[in-house]
Structure formats: C-alpha cells, structure tokens
Enquirer: 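Here's a structure for you.
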Amino acid sequence: QVQLVESGGGAVQTGGSLRLSCVVSENILSLNGMGWYRQPPGNERELVAAQTVGGATNLADGVKGRFTISRDLAKNTVYLQMNSLKPEDTAIYYCAADSRAPAYGEMPAFDTWGQGTQVTVSS
C-alpha cells in the first residue's frame with residue numbers, strides 16, 4: 001500500500017510562503033500521478049494541484065501564479081511551494097496519489113491520501 005507523509009505546515013502572515021513536503025513510500029514513477037488537496041474549515045476538500053507521471057501539472061484557478069507542484073524523484077518526495085499566501089488559503093493540506101500503474105496521458109485519479117498538515121494564514 002502506498003503511504004504518504006506530509007510535513008511543512010505552519011502559521012504564517014498574509015504574503016508569506018511555505019513549502020509542503022510529501023514523502024512517498026513508492027517510486028513516484030511507478031504511480032499514475034501525485035497531487036495536493038486542501039480542506040478549509042467548514043468546507044469540502046478540494047483539489048489544488050496535480051502532476052502526471054510524465055510531469056505535466058495542473059493548478060486550481062485560485063492558486064495559479066502563487067503555488068507550484070514539483071517533485072524530487074531521487075528522494076521520493078513531492079512538494080507544494082506556496083507563495084503570496086492569503087487567509088483563504090487556510091486549510092488542512094493533504095498529499096494525494098493515484099496508486100495505479102502509470103496510465104500516461106491521463107491526469108491522476110486520486111485514491112490515496114496522507115494524514116494532512118495544517119496551514120494557517122493570518123491577516
């Protein structure tokens with residue numbers, strides 16, 4: 001079973017930056033893709049970033065230009081760089097994986113999540 005462990009959350013002021021890390025128990029290239037979800041307080045979980053096994057990325061409209069998803073294959077680690085943070089970014093952030101073998105040309109269909117890490121942005 002794929003295991004995902006997030007870290008890097010914390011409390012920052014508006015305009016600050018954080019980098020979240022997700023250590024993956026499997027070779028990332030053996031999976032169909034990785035991503036990040038977030039769940040704001042009192043709201044549903046939403047997808048904010050995704051990356052295919054081939055490296056193509058997609059970002060939610062609300063974070064384009066501010067967030068970047070990337071990976072270090074040698075470290076089996078996926079990152080979410082978050083810049084220009086706003087209070088509305090406050091949420092629990094979850095790393096996600098599509099545990100299927102690579103499908104190539106398809107965005108991930110996520111079926112596995114980490115435990116979450118809290119991000120709080122204050123004015």
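No experiment lies behind these values; they were computed from the predicted model shown. Residue numbers start at 1 and run along the sequence shown. We use all heavy atoms of the structure for the numbers below, so side chains are in, but hydrogens, waters and symmetry mates are not.
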Enquirer: In chain order, what residues pass the ring pair (Phe, Tyr, Trp, His ring centres under 6.0 Å) check against Tyr79, with sequence neighbours excluded?
Expert: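 Counting only residues at least two positions away or on another chain, Tyr79 forms no ring pair (Phe, Tyr, Trp, His ring centres under 6.0 Å).
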Enquirer: Linking I/L/V/M/F/W/Y whenever their side-chain heavy atoms sit closer than 4.5 Å, directly or via other members, would Leu4 and Leu31 fall into one cluster?
Expert: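 Result: yes, single cluster for both.
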Enquirer: If you count heavy atoms of other groups shown closer than 6.0 angstrom to CD of Glu88, is the number above 12?
Expert: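 Above 12, so yes.
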Enquirer: Looking at every non-hydrogen atom in both residues, tell me the closest pair between Ala91 and Pro41 and how far apart they are.
Expert: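 Looking at all heavy atoms of both residues, the closest pair is CA-CD, 4.5 Å.
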Enquirer: Take atom CD in Gln3; do more than 12 heavy atoms of anything else shown fall under 6.0 Å from it?
Expert: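 Not more than 12 within 6.0 Å, no.
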Enquirer: Identify the heavy atoms of Leu47 and Trp36 that sit nearest to each other, and give their distance.
Expert: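 Here Leu47 and Trp36 meet closest at CD1-O, 3.4 Å.
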Enquirer: In terms of hydrophobic clusters joined by side-chain contacts under 4.5 Å, are Val23 and Ile28 together?
Expert: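 Result: no, two separate clusters.
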Enquirer: What pairs of residues pass the disulfide bond (SG atoms under 2.5 Å apart) test when at least one of them lies in residues 22-123, not counting sequence neighbours?
Expert: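 Listed by first then second residue: Cys22-Cys95.
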Enquirer: Side chain to side chain contact (heavy atoms under 4.5 Å, CB included) between Thr14 and Leu85: does it pass, once the steps are laid out?
Expert: CA-CA 5 Å; Thr14 297; Leu85 283 162; over 6 Å; no
Enquirer: Write out all pairs satisfying side chain to side chain donor-acceptor pair (under 3.5 Å) with one or both partners inside residues 50-62, taking only residues at least two apart or from two chains.
Expert: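 Sorted result for residues 50-62: Asp61-Lys64.
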Enquirer: If every non-hydrogen atom of Val12 is compared with every non-hydrogen atom of Ser17, which pair is closest and at what distance?
Expert: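 Between these two residues, the closest heavy atoms are CG1-O, 4.1 Å.
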Enquirer: Pairs in or reaching into residues 39-75: which pass disulfide bond (SG atoms under 2.5 Å apart), with residues at least two apart or in two chains?
Expert: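 Listed by first then second residue: nothing to list.
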Enquirer: Could I get the full list of side chain to side chain donor-acceptor pair (under 3.5 Å) partners for Gln118, not counting sequence neighbours?
Expert: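 With sequence neighbours excluded, Gln118 shows a side chain to side chain donor-acceptor pair (under 3.5 Å) to Thr120, given in chain and number order.
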Enquirer: Quick test of your reading: applying disulfide bond (SG atoms under 2.5 Å apart), list the pairs with at least one residue in residues 53-83, sequence neighbours left out, ordered by first then second residue.
Expert: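 Qualifying pairs, neighbours excluded: none.
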Enquirer: Show me the pairs that pass disulfide bond (SG atoms under 2.5 Å apart) and involve residues 29-77, at least two apart or across chains.
Expert: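 Qualifying pairs, neighbours excluded: none.
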Enquirer: How long is the gap from CD on Gln115 to CD on Glu6, to the nearest 0.5 Å?
Expert: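 That separation rounds to 4.0 Å.
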Enquirer: Starting from the C-alpha separation in whole Å, work towards a yes-or-no answer on side chain to side chain contact (heavy atoms under 4.5 Å, CB included) for Ile92 and Thr117.
Expert: CA-CA 5 Å; Ile92 302 173; Thr117 185; over 6 Å; no
Enquirer: Which residues pass the side chain to side chain donor-acceptor pair (under 3.5 Å) test with Ser70, not counting sequence neighbours?
Expert: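 Once residues adjacent in sequence are excluded, Ser70 has no partner under the side chain to side chain donor-acceptor pair (under 3.5 Å) criterion.
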Enquirer: Run the side chain to side chain donor-acceptor pair (under 3.5 Å) test against Gln81 and tell me which residues pass, sequence neighbours left out.
Expert: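 Scan of Gln81 (side chain to side chain donor-acceptor pair (under 3.5 Å), adjacent residues dropped) gives Asn83.
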Enquirer: Using the side chain to side chain donor-acceptor pair (under 3.5 Å) rule, collect all pairs that involve residues 90-99, keeping only residues at least two apart or in two chains.
Expert: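 Every side chain to side chain donor-acceptor pair (under 3.5 Å) pair that includes a residue of residues 90-99, provided the two are not neighbours, is Asn32-Asp98, Arg38-Tyr93, Asp98-Arg100, Ser99-Asp111.
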Enquirer: Has the side chain of Gln39 got a donor or acceptor atom that lies under 3.5 Å from a matching backbone atom of Asn43?
Expert: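 Confirmed, Gln39 side chain pairs with Asn43 backbone.
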Enquirer: Group every Ile, Leu, Val, Met, Phe, Trp and Tyr by side-chain heavy-atom contacts under 4.5 Å, then state whether Leu59 and Leu20 land in the same group.
Expert: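 In one cluster with Leu59: Leu20, yes.
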Enquirer: Who passes salt bridge (charged side-chain N to carboxylate O under 4.0 Å, His left out) against Lys75, sequence neighbours left out?
Expert: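 Applying salt bridge (charged side-chain N to carboxylate O under 4.0 Å, His left out) to Lys75 gives none.
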Enquirer: Given a cutoff of under 4.5 Å between side-chain heavy atoms of I, L, V, M, F, W and Y, with clusters grown through shared members, what are the other residues clustered with Val5?
Expert: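 Cluster partners of Val5: none, it stands alone.
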